[in-house]
There are 2 protein chains.
Amino acid sequence: MAGPTTDRRLLRGEETRRAVLRRAVEIASVEGLEALSIGRLATDLGLSKSGVFAGFGSKEELQLATVRAARRIFADAVLAPVADIPPGLARARALCEGWLAYSRTRVFPGGCFFFEVTAEFDARPGPLRDALADSARTWHRIVEDTLAEARTAGALRPDTDLGDLAFGLIALLEAANSQAVLHEEDTPYQRAGRLLLRLLRAEATDPADPALA
Amino acid sequence: MAGPTTDRRLLRGEETRRAVLRRAVEIASVEGLEALSIGRLATDLGLSKSGVFAGFGSKEELQLATVRAARRIFADAVLAPVADIPPGLARARALCEGWLAYSRTRVFPGGCFFFEVTAEFDARPGPLRDALADSARTWHRIVEDTLAEARTAGALRPDTDLGDLAFGLIALLEAANSQAVLHEEDTPYQRAGRLLLRLLRAEATDPADPALA
DNA sequence: AAACTGAACGAACGATCGTGCTAACATCTC
DNA sequence: GAGATGTTAGCACGATCGTTCGTTCAGTTT
């Protein structure tokens, strides 16, 4: 019964909402979620201010919807590609390299969307920070779970601290994004690529594992 | 001749400028440099909007002055304490631990000032980004130079890639700051502490060096 | 004492912000 | 057809933004 509606009024509304969010994630990844203004989105898209506003009900709801939209884009760009790869070291490595590519190719024009907006809201309690903290936790868990699979498969040492390892890998990815965007350089990505391989090798049962070549 | 002026009019102006900047770095470390508003600073400090404005000439100049003020605070909190420590591995480690303490003790209420505002401006060309890129480069160079001293002293292996090592260390520090502030946890600092020791040990000529105990 | 300098104030400017209202219009349900 | 429902536009609101201007007053210089 439920299923996707066929009501063309609702469909049109959803369509403009999507258009708004498409632009919103772009702006937010460069200038932050506070720089999102309803009037600006309206002008950019040739809509009326109240039209944009009506689609979300409040500025905060627009911001939250923007975060959700960014999560979908992130999942498509980083998570989906590694789904085919069998669990293990190779998948763990591909996940990291995929993230670097996601930053490097500017899936969001300002680099990683979440790096930008999390720094913006990490010290400001509220629904926005909660949503971003949840996103961060989810991402962290994905990395850790991927590493756990590799350990179960026997590719990582049994005494490896998965929390520390995930933390180290994510630290390298974010630092690469940050410095690459700031200085418009490619070197940070190369450094991160080398260092994350070293980190994985140090915990691998077989440092010569072909997945770490 | 030149020297610090004794003109009490100028001194008073400098004093209020300092008061404004003291509040400005607090706000910016939590909400970013765009959230700095002249009216708000004026109300917070019991001054008039035009009074605050006059002290800086433009909003952008106020933001730039805020960055400079933050650099001084950072230097006092992180750089000055390690000046006493003789060059070598011990100083390198102390620099990292000092940075973690600087973040942990909330020298700026929103965690590292530069992490917050660099994410805000890293994709927006202009004087602000230039100033922040310069700050980042300076800090990076300090870490690298400190490591270079340690290598000259024979504590680090001759083939160590100092750029990579500095990148790795800084990545750990910033990730710790980011996650600790976002989730209001202490664990990230502990993870960073453990991992940076491992990173240093891996490059040390003597992994059992007492400076890495 | 007169002339000058610099900090700070108060009032006003045009612009933009988020947010309400009401009306026009398309689309669905009956 | 009539009536309900949902999207979008137009207009106005109070608030706040950065900035300008003229004035006041403390302090320096001559």
- Message: Quick one, A/Phe74 with A/Phe113, criterion side-chain contact (heavy atoms from CB on, under 4.5 Å). Give me CA distance, side-chain angles, the key distance, then yes/no.
- Response: CA-CA 9 Å; A/Phe74 178 86; A/Phe113 172 92; over 6 Å; no
Take the protein atom [atom1] of [X] and the nucleotide atom [atom2] of [N], then report the distance between them rounded to whole Å.
X       : N      : atom1 : atom2 : result
A/Leu11 : C/dC28 : CG    : C1'   : 12 Å
B/Arg17 : C/dG6  : CZ    : P     : 15 Å
A/Leu47 : D/dG10 : CG    : P     : 11 Å
A/Glu61 : C/dT19 : CD    : P     : 11 Å
B/Arg9  : D/dG27 : CZ    : P     : 10 Å
A/Phe56 : C/dG20 : CZ    : P     : 16 Å
B/Glu14 : C/dT5  : CD    : P     : 20 Å

- Query: Think A/Arg8 has a side-chain N or O under 4.0 angstrom from the OP1 or OP2 of C/dC28?
  - Reply: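 A/Arg8 to C/dC28 OP1/OP2: side-chain N or O found under 4.0 Å.
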- Query: Under the 3.5 Å rule, do the base of D/dA9 and the side chain of A/Ser50 count as making a donor-acceptor pair?
  - Reply: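 Per atom types, the contact qualifies.
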- Message: Are more than 12 heavy atoms, taken from residues, nucleotides or ligands other than B/Arg104, located less than 6.0 Å from that residue's CZ atom?
- Response: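 More than 12 within 6.0 Å, yes.
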- Message: Categorize A/Ala54 for me: base, sugar-phosphate, or nothing, with a 4.0 angstrom heavy-atom threshold over every strand shown.
- Response: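 Here A/Ala54 touches the bases of the nucleic acid.
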- Message: Once you apply a heavy-atom cut-off of 4.0 Å, does A/Thr6 come out as touching a base, just sugar-phosphate, or nothing?
- Response: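 Sugar-phosphate, no base atom in range.
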- Query: Side chains of B/Thr160 and B/Glu203: donor-acceptor distance under 3.5 Å anywhere?
  - Reply: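 Per modelled atom types, B/Thr160 and B/Glu203 side chains form a pair under 3.5 Å.
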- Item | Check: A/Thr146/A/Arg91 side-chain N/O donor and acceptor closer than 3.5 Å |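 No.
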Distances for protein N or O near nucleotides 14-18 of chain D N or O, under 3.5 Å:
from: D/dC17; atom 1: OP1; to: B/Ser37; atom 2: OG; distance (Å): 2.6
from: D/dG18; atom 1: OP1; to: B/Leu36; atom 2: O; distance (Å): 3.4
from: D/dG18; atom 1: OP1; to: B/Lys59; atom 2: NZ; distance (Å): 3.0
from: D/dG18; atom 1: OP2; to: B/Ile38; atom 2: N; distance (Å): 3.1
from: D/dG18; atom 1: N7; to: B/Lys49; atom 2: NZ; distance (Å): 3.2
from: D/dG18; atom 1: O6; to: B/Lys49; atom 2: NZ; distance (Å): 3.2

- Task: Assign each of B/Gly57 and A/Val52 to its nearest nucleotide of DNA chain D by heavy atoms, then name whichever residue's nucleotide is nearer the 5' end.
- Result: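 The answer here is A/Val52.
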- Item | Nucleotide of C/dT27, D/dA9, D/dT28 approaching A/Asp7 most closely (side-chain heavy atoms) |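 Selected nucleotide (nearest to the side chain): C/dT27.
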- Message: For a quick test of reading the model, state the closest non-hydrogen atom pair linking B/Arg40 to B/Ile27 and the distance between them.
- Response: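 In this case the closest contact between B/Arg40 and B/Ile27 is NH1-CG2, 3.7 Å.
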- Check for a donor-acceptor pair, side chain of B/Thr118 on one end and backbone N or O of B/Phe114 on the other, with a separation under 3.5 Å.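 The answer is yes, because a donor-acceptor pair under 3.5 Å joins these two groups.
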- Query: Would you say the side-chain atoms of A/Gln63 pair up with the backbone N or O of A/Leu33, donor to acceptor, closer than 3.5 Å?
  - Reply: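 Answer holds: yes.
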- Taking for each residue the nucleotide of DNA chain C with the nearest heavy atom, is it B/Gly51 or B/Leu10 whose nucleotide lies nearer the 5' end?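 Of the two residues, B/Leu10 wins.
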